[in-house]
Amino acid sequence: VPPGAFVPRPKVDSAVIRLEWKPGVPDARGFTDFVHQAFSSRRKTLANNLARIMPQLGSDEIDRRLAAAGIASKARPEELSVEKFLDVYNRLVTE
């Protein structure tokens with residue numbers, strides 16, 4: 001997008017991008033909220049953050065489901081790929 005398309009005119013060019021959800025995301029908004037909440041306390045482990053946002057499951061059940069996804073109980077949110085987050089989301093929210 002050229003600078004002349006904006007007022008005031010910026011000194012940089014802009015671009016428009018289109019993002020599409022990967023297959024396997026049943027509820028895009030729910031998944032986005034889940035990831036945001038998992039990062040809400042960055043110094044805590046993923047298991048601790050999930051136990052706080054999903055108290056109905058309990059710590060033991062969260063640990064069990066994380067282990068089933070191949071994720072260590074001491075893992076931090078920033079250590080997971082998008083695919084791993086999607087796997088955890090599906091195991092915690094949709095089961």
Side-chain angles (χ1 to χ4, degrees):
V1 180
F6 300 94
V7 175
R9 184 183 180 118
K11 296 179 183 178
V12 297
D13 285 333
S14 300
V16 175
I17 62 169
R18 178 179 155 165
L19 302 175
E20 294 183 9
W21 286 101
K22 288 184 167 201
V25 180
D27 174 19
R29 182 64 182 181
F31 177 67
T32 303
D33 291 344
F34 175 79
V35 172
H36 179 76
Q37 290 173 339
F39 277 93
S40 64
S41 296
R42 287 195 57 104
R43 299 305 309 150
K44 293 187 179 266
T45 64
L46 177 63
N48 284 339
N49 283 341
L50 295 176
R52 185 179 49 77
I53 64 175
M54 304 180 98
Q56 71 278 11
L57 289 179
S59 296
D60 291 339
E61 182 62 17
I62 288 171
D63 286 343
R64 186 188 71 74
R65 293 185 190 192
L66 287 176
I71 299 168
S73 62
K74 299 295 181 192
R76 299 203 181 275
E78 61 268 15
E79 297 173 10
L80 273 65
S81 65
V82 173
E83 289 77 17
K84 280 291 185 183
F85 259 112
L86 183 55
D87 188 19
V88 169
Y89 175 76
N90 286 329
R91 290 175 188 274
L92 292 173
V93 177
T94 61
E95 283 187 7

Item to check | R76 side chain vs R43 backbone, donor-acceptor pair below 3.5 Å | outcome: yes

Next on the checklist: If hydrophobic clusters are built by linking Ile, Leu, Val, Met, Phe, Trp and Tyr wherever their side-chain heavy atoms come under 4.5 Å apart, do V82 and L80 end up in the same one?
Outcome noted: no

For residues 29-41, tabulate all N or O donor-acceptor pairs below 3.5 Å that involve a side-chain atom, not counting sequence neighbours.
unit_1	atom_1	unit_2	atom_2	d
T32	OG1	A28	O	2.9
S40	OG	Q37	O	2.8
S40	OG	R52	NH2	2.3

Checklist entry - Closest approach of P3 and V12, non-hydrogen atoms and distance? => result CG-O, 3.5 Å

Next on the checklist: Within a 6.0 Å radius of atom NZ on K44, are there more than 12 heavy atoms belonging to other residues, nucleotides or ligands?
Outcome noted: no

Next on the checklist: L92 and side chain to side chain contact (heavy atoms under 4.5 Å, CB included): which single residue from D87, I53, L50 fits?
Outcome noted: L50

Item to check | Which residues share a side-chain hydrogen bond (donor to acceptor under 3.5 Å, both in side chains) with N49, sequence neighbours left out | outcome: none

Next on the checklist: Return the CG to CG distance between L57 and D63, rounded to the nearest 0.5 Å.
Outcome noted: 11.0 Å

Next on the checklist: Show me the pairs that pass side chain to side chain donor-acceptor pair (under 3.5 Å) and involve residues 7-20, at least two apart or across chains.
Outcome noted: R18-E20

Item to check | Spatial distance of atom NZ (K74) from atom CG (L46) [nearest 0.5 Å] | outcome: 12.0 Å

Next on the checklist: Using 0.5 Å steps for rounding, measure from the CG atom of L86 to the CZ atom of R91.
Outcome noted: 11.0 Å

Item to check | Ion pair R64/E61, N-O distance below 4.0 Å | outcome: yes

Checklist entry - When you look at I71 and E79, which way does the side-chain contact (heavy atoms from CB on, under 4.5 Å) test go after all the steps? => result CA-CA 10 Å; I71 299 168; E79 297 173 10; over 6 Å; no

Next on the checklist: If I compare all heavy atoms of S59 with all of A51, which pair ends up nearest, and what's the gap?
Outcome noted: OG-CB, 3.9 Å

